[in-house]
Amino acid sequence: MALLTPKRVKFRKAFRGKRGGVATRNNALVFGTFGLKSEDAGWVTSRQIEAARRAMTRFTQRGGRIWIRIFPDKPITKHPAEARMGSGKGDVVGYVAVVKPGTILFEMGAVAESIAKEAMRLASHKLAVGTRFITKEN
C-alpha cells in the first residue's frame with residue numbers, strides 16, 4: 001500500500017491551523033467530466049485518500065480515468081499511548097490534506113455517468129468529510 005506522503009518537507013511539524021472559509025481554488029472540474037466535491041471543512045488522511053482511490057478503481061474495473069485533486073502535505077503528530085502530559089510535541093504519525101467546503105477531491109472521465117456516480121458514492125464512504133457528486137456543465 002503506497003500511501004501519499006511528501007517527498008520532503010520544509011518543517012517537520014506543523015501547527016494545526018484554522019479551517020474557516022470556502023475553497024477559492026481547486027473548486028472547479030478541470031480534468032474529468034465528473035467529480036466529488038467536499039461540503040464540509042476537515043482533514044482527509046493519506047489512508048482515506050488511498051482507500052477511496054481503491055474503491056473507485058475496483059468498481060470501474062480499472063476503466064476510465066481517475067484524478068486525485070488533493071494531496072496530504074500537512075504533518076500530524078501524536079503522543080504515544082499512556083505518555084505523561086508535557087514533554088513537547090509528539091512524533092509525526094501521518095499526513096493529511098486540509099479540505100475546505102467546495103474543494104474538488106476526485107475527478108473521473110471516460111466512463112458512463114451511472115458508473116462514475118456509484119464509484120464516487122463508494123469513495124465518499126471512505127472519507128471524513130461530507131461530499132457531493134458533480135458533473136461538468138456543458
Side-chain angles (χ1 to χ4, degrees):
M1 183 160 84
L3 292 176
L4 293 172
T5 56
K7 283 191 176 74
R8 53 192 298 275
V9 290
K10 190 169 184 180
F11 299 107
R12 201 164 57 91
K13 297 173 181 177
F15 292 138
R16 291 176 65 87
K18 299 276 189 274
R19 296 190 204 168
V22 294
T24 54
R25 55 184 71 190
N26 195 7
N27 59 0
L29 291 176
V30 177
F31 303 102
T33 319
F34 311 106
L36 197 62
K37 185 181 239 184
S38 74
E39 300 222 295
D40 309 329
W43 289 346
V44 180
T45 66
S46 52
R47 287 173 178 273
Q48 291 167 359
I49 295 168
E50 176 64 14
R53 184 198 64 80
R54 281 185 175 188
M56 285 191 290
T57 307
R58 189 167 288 146
F59 183 80
T60 57
Q61 296 173 342
R62 299 210 305 276
R65 286 281 274 119
I66 295 170
W67 291 271
I68 302 171
R69 293 287 306 275
I70 54 174
F71 187 83
D73 55 0
K74 182 188 184 80
I76 295 302
T77 60
K78 237 180 184 166
H79 271 293
E82 299 178 15
R84 291 185 176 182
M85 292 289 102
S87 71
K89 197 164 183 174
D91 298 325
V92 175
V93 292
Y95 291 87
V96 296
V98 179
V99 170
K100 291 183 171 186
T103 304
I104 304 294
L105 307 174
F106 298 98
E107 290 189 32
M108 195 178 277
V111 70
E113 183 173 355
S114 59
I115 292 171
K117 193 166 191 173
E118 180 61 18
M120 296 281 191
R121 187 189 69 80
L122 293 170
S124 70
H125 289 303
K126 310 291 182 192
L127 303 171
V129 292
T131 57
R132 173 185 289 169
F133 178 77
I134 59 168
T135 59
K136 191 170 267 189
E137 293 83 15
N138 293 337

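Because only heavy atoms are used, hydrogens play no part in the values below, and waters and symmetry mates are left out as well, while side chains stay in.
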Connected via hydrophobic side-chain network under 4.5 Å: [X] and [Y]:
X      : Y     : value
Leu122 : Val44 : yes
Ile104 : Phe31 : no
Leu127 : Tyr95 : no
Val129 : Phe71 : yes

Are any of the side-chain heavy atoms of [X] and [Y] separated by less than 4.5 Å?
X      : Y      : value
Met56  : Phe106 : yes
Ile68  : Arg53  : yes
Leu105 : Arg69  : no
Ile115 : Phe59  : yes
Thr60  : Met108 : yes
Arg132 : Glu39  : yes
His79  : Ser87  : yes
Val30  : Glu107 : yes

Can you list the steps and then say if Ile66 with Thr57 is a side chain to side chain contact (heavy atoms under 4.5 Å, CB included)?
CA-CA 8 Å; Ile66 295 170; Thr57 307; 3.8 Å; yes

List the steps and the verdict of side chain to side chain contact (heavy atoms under 4.5 Å, CB included) for Val96 and Ser46.
CA-CA 6 Å; Val96 296; Ser46 52; over 6 Å; no

Pair Glu50, Arg47 - check salt bridge (charged side-chain N to carboxylate O under 4.0 Å, His left out), show working.
CA-CA 5 Å; Glu50 176 64 14; Arg47 287 173 178 273; over 6 Å; no

Which atom pair, heavy atoms only, marks the closest approach of [X] to [Y]?
X      : Y      : value
Pro101 : Gly21  : CD-O, 3.4 Å
Pro72  : Ile49  : CD-CD1, 3.8 Å
Phe11  : Pro75  : O-CG, 4.4 Å
Lys117 : Phe133 : CA-CE1, 3.6 Å
Thr135 : Leu29  : C-CD1, 3.7 Å
Phe15  : Lys74  : O-NZ, 2.8 Å

Hey, mind stepping through Lys100 and Arg19 against side chain to side chain contact (heavy atoms under 4.5 Å, CB included) and telling me if it holds?
CA-CA 7 Å; Lys100 291 183 171 186; Arg19 296 190 204 168; over 6 Å; no

With a 3.5 Å distance limit and no angle check, can you tell me whether Asn27 reaches the backbone of Gly102 through a side-chain donor-acceptor pair?
no

Lys/Arg cation over aromatic Trp43: Arg16, 6.0 Å, 45° cone
no

Does NZ in Lys89 sit with more than 12 non-hydrogen atoms of other residues, nucleotides or ligands closer than 6.0 Å?
yes

Using side chain to side chain contact (heavy atoms under 4.5 Å, CB included), reason through Lys78 and Asp91 one step at a time and then give a plain yes or no.
CA-CA 6 Å; Lys78 237 180 184 166; Asp91 298 325; over 6 Å; no

Hey, what do you get for CD1 (Ile70) to OG (Ser38), rounding to the nearest 0.5 Å?
8.5 Å

